[in-house]
Amino acid sequence: MLTDPSSKYRAFPAIVLADRQWPSRTISSAPIWMSTDLRDGNQSLFEPMNGERKMRMFRTACSVGFKEIEVGFPSASQTDFDFIRTLIEGGHVPADVTIEVLTQAREDLIRRTFESLQGARRAIVHVYNATAPVFREVVFGLSKPEVLQMAVSAVRLIKKLAAERSQTEWVLQYSPEVFTSTELEFSRDVCDAVTAEWGATPTNKVILNLPATVEVATPNVYADQIEWMHRNLARRDCVVLSLHPHNDRGTAVAAAELGLMAGADRVEGCLFGNGERTGNVDIVTLALNLYTQGVVPGLDFSDINAVARTVEHCNQLPIHPRHPYVGDLVFTAFSGSHQDAIKKGFAEQKNSALWNVPYLPIDPADVGRSYDSVIRVNSQSGKGGVAYLMEAEFGIVMPRRLQVEFSGVVQTYTDAHGGEMSAQDLWKLFDATYFNAASAAIRYVDHTLFEVASTAKNHIQGVRLTVDCDGQLITVEGQGNGPIDAAVHALHGVDIYAQVRSFEERSTKSSSAGADAQACAFLELTAKGTAQERFGVGLDSNIVTASLKALVSGINRLGLEAVVAEPAL
């Protein structure tokens, strides 16, 4: 049992912001996106990316629409240094993409960083130093003025080196590391000093990145911190205010969304949230959250599976099957009530209408996912899921009462065998239940229709029906007001007495069930003198044949057996 935490942990103090504005705002446009998969994401991997995986990740980031990509920490890694040189010298950076590199606020590291960027068209130099009390006092032993001076000196050097390399368009980015644990007034003072040293203007803005290096409070506190900075920074019109949330409390996406409402312009993060400890903010989730609210995200995840497979290859980390929007199971319903609601929602959804399908906040097709995977069947599934798969995969549109009957068959099977049933497994069970039951006592062979009498008021149909009764072929004849009624009477000749409760015929919508399966007949039968009811199903290119097959199917389902006379000696 956990001990009382009050003696070990303290609640993060509230931010004094009595007239906060962010709670009443909504996000109406996408932020500037910056991918740090190749830097922050890469440094968190058990096995950092090699050159091939780095290039594949870079190209994927470009293809989905990132215009700013942090490509490495060149002063800390020769692999990163070499990769950046490959990007620049090989001409791999698209004209509309800006590469970004990270450096600590140390002279030797800053100079090495500029060496890596020689010849770049445009580059963001991202410099940082820690500003929080525990780092000032415990890690570095520096006073507030010394921490501020470290940041200003680093920017002064960057400005000098940039001026010596005027062929490159330089952008400065500064991060007060562990911003969320730093006193707001001190964060503002350091950021203002950096902005002033760089000489930022509305046409030459500085990026001030305010990272939740470690999540230490609820997302609303981060939003308060961002709004406070947004309102109190000097030269706000000369600043791009950037967010870099980590996910230690599992709320990075929420923190980023509230931070945007609080006045931020830009978000840094990783595809699917890879990063130190519990990860960086998940850019895919954040962007698609905007998309589901009618906001154009500016990133293209229309083939999300391809992006996911690339990221899994590059990171050597699997994506959880329940990961928002991309996990293998996020568009899959096993629950019977969910399946039924989704099936009905799909049936009502119009192409031109606003998306309104139960349990699905986004149209799976928008991210390149197939409806085929939306509903799958296991022991928790109900008639809705079974019916959806039978229709979607095989074109069998079952009457509601048949849905109930067959879902019971499926439930019995999955309870006994466990696991999940694929669509093909479902078809095999349907076939064994209604078409080719091993226990079938009677099987359809052939039939011939003939006219008996026809008047203005009555039409009497005759049928000559041949069936296989336990290996013995017999032919019986009957008459009725149609082929089915005639066949029912014909079977009286072998002591099979059944009554038709309902009859439906429908065209199949798919050829998956067989090239000749164009018509489907459903007969609900009851045995004479009993309350027992069962469905029979028949498939054939001819609707009469399908109907007679359905009759025989239902008789077998009822367990009725023919009484065949002994052959004459």
Side-chain angles (χ1 to χ4, degrees), residues 26-31 33 60-61 63-66 253-254 256-257 260 267 269 271-273 281-312 319-378 380-397 420 422-423 426 509-510 512:
T26 57
I27 304 172
S28 58
S29 61
W33 301 109
T60 295
S63 69
V64 300
F66 284 100
V253 169
E257 290 178 330
L260 290 173
V267 175
L271 294 166
F272 311 116
V281 68
D282 182 337
I283 293 288
V284 175
T285 298
L286 188 56
L288 290 176
N289 281 357
L290 295 182
Y291 182 77
T292 65
Q293 303 303 301
V295 177
V296 177
L299 296 175
D300 182 5
F301 296 118
S302 58
D303 189 359
I304 202 165
N305 285 350
V307 178
R309 299 296 85 81
T310 293
V311 172
E312 286 182 321
I319 293 173
H320 195 282
R322 292 294 183 184
H323 192 106
Y325 300 110
V326 69
D328 289 341
L329 296 179
V330 296
F331 296 121
T332 299
F334 290 109
S335 162
S337 60
H338 288 211
Q339 292 174 343
D340 185 61
I342 291 170
K343 177 179 180 292
K344 291 172 179 174
F346 277 143
E348 291 295 320
Q349 182 67 37
K350 303 295 188 293
N351 289 335
S352 59
L354 290 174
W355 182 251
N356 190 33
V357 175
Y359 298 113
L360 293 178
I362 190 173
D363 183 350
D366 287 348
V367 289
R369 299 291 290 271
S370 169
Y371 291 141
D372 296 346
S373 66
V374 170
I375 294 178
R376 285 154 66 173
V377 174
N378 66 9
Q380 303 302 308
S381 305
K383 63 182 185 303
V386 172
Y388 177 86
L389 281 182
M390 289 300 294
E391 179 177 348
E393 293 285 339
F394 308 108
I396 305 296
V397 184
E420 180 188 344
S422 68
L426 201 63
K509 296 182 178 180
S510 167
S512 299

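Heads up: numbering here begins at 1 and tracks the sequence.
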Q: Measure across Tyr359 and Ser337 and return the closest heavy-atom pair with its distance rounded to 0.1 Å.
A: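 That would be CE1-O, 4.3 Å.
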
Q: Measure the CG-CD distance between Asp363 and Gln349 for me, rounded to the nearest 0.5 Å.
A: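 Here the rounded value is 7.5 Å.
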
Q: How long is the gap from CG on Asp303 to CZ on Arg309, to the nearest 0.5 Å?
A: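 Here the rounded value is 10.0 Å.
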
Q: What closest approach, in Å, do Trp33 and Pro297 show between heavy atoms, and which atom pair accounts for it?
A: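 Looking at all heavy atoms of both residues, the closest pair is NE1-O, 2.7 Å.
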
Q: Distance check, rounded to the nearest 0.5 Å: Asp366 atom CG versus Tyr291 atom OH?
A: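 Interatomic distance, Asp366 CG to Tyr291 OH, rounded to 0.5 Å: 3.5 Å.
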
Q: Is there side-chain contact between Thr310 and Val307, with at least one heavy-atom pair below 4.5 Å?
A: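 No. Closest side-chain heavy atoms not under 4.5 Å.
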
Q: Does Glu257 form a side chain to side chain donor-acceptor pair (under 3.5 Å) with Asn289? I'd like the steps, not just the answer.
A: CA-CA 9 Å; Glu257 290 178 330; Asn289 281 357; 3.1 Å; yes

Q: Hey, could you give me the CG/NZ distance between Leu389 and Lys343, rounded to the nearest 0.5 Å?
A: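 Rounded to the nearest 0.5 Å, the CG-NZ separation comes out at 11.0 Å.
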
Q: Would you say Arg369's side chain and Val326's backbone share a donor-acceptor pair under 3.5 angstrom?
A: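 Answer holds: yes.
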
Q: Does the pair Val330 and Tyr325 meet the rule for a side-chain contact (heavy atoms from CB on, under 4.5 Å), with working shown?
A: CA-CA 6 Å; Val330 296; Tyr325 300 110; 5.6 Å; no

Q: Ala308 and Phe272: which non-hydrogen atoms are nearest, and at how many Å?
A: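 Nearest heavy atoms, Ala308 then Phe272: CA-CE1, 3.7 Å.
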
Q: For the pair Trp355 (side chain) and Thr292 (backbone), establish whether a donor and an acceptor sit closer than 3.5 Å, ignoring hydrogens and angles.
A: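 Pair absent, no side-chain N/O of Trp355 close to backbone of Thr292.
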
Q: Where is the tightest heavy-atom contact between Pro31 and Leu260, given as atom of each residue plus distance?
A: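 Result for this residue pair: CB-CD2, 3.7 Å.
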
Q: Which heavy-atom pair separates Ala30 from Leu290 by the least distance, and what is that distance?
A: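 Scanning both residues completely, I find the closest heavy atoms to be CA-CD1, 4.1 Å.
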
Q: Taking Leu271 as the fixed residue, which of Thr285, Val284, Leu299, Asp282 is the one that meets the side chain to side chain contact (heavy atoms under 4.5 Å, CB included) rule?
A: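 Single side chain to side chain contact (heavy atoms under 4.5 Å, CB included) partner of Leu271 among Thr285, Val284, Leu299, Asp282: Val284.
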
Q: Heavy-atom count around Phe66 CZ within 6.0 Å, excluding the residue itself: above 12?
A: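 Check passes, neighbour count above 12.
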
Q: Measure the CG-CD distance between Leu288 and Gln293 for me, rounded to the nearest 0.5 Å.
A: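 Those atoms lie 11.5 Å apart.
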
Q: Specify the closest pair of heavy atoms between Gly345 and Pro358, including all atoms of both residues, with the distance to one decimal.
A: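 So the minimum-distance heavy-atom pair works out to CA-CD, 3.7 Å.
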
Q: If we ignore hydrogens and angles and just use 3.5 Å, is the side chain of Glu312 paired with the main-chain N or O of Ile319 as donor and acceptor?
A: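 Yes; judged by distance alone, with no hydrogens or angles, the pair exists.
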
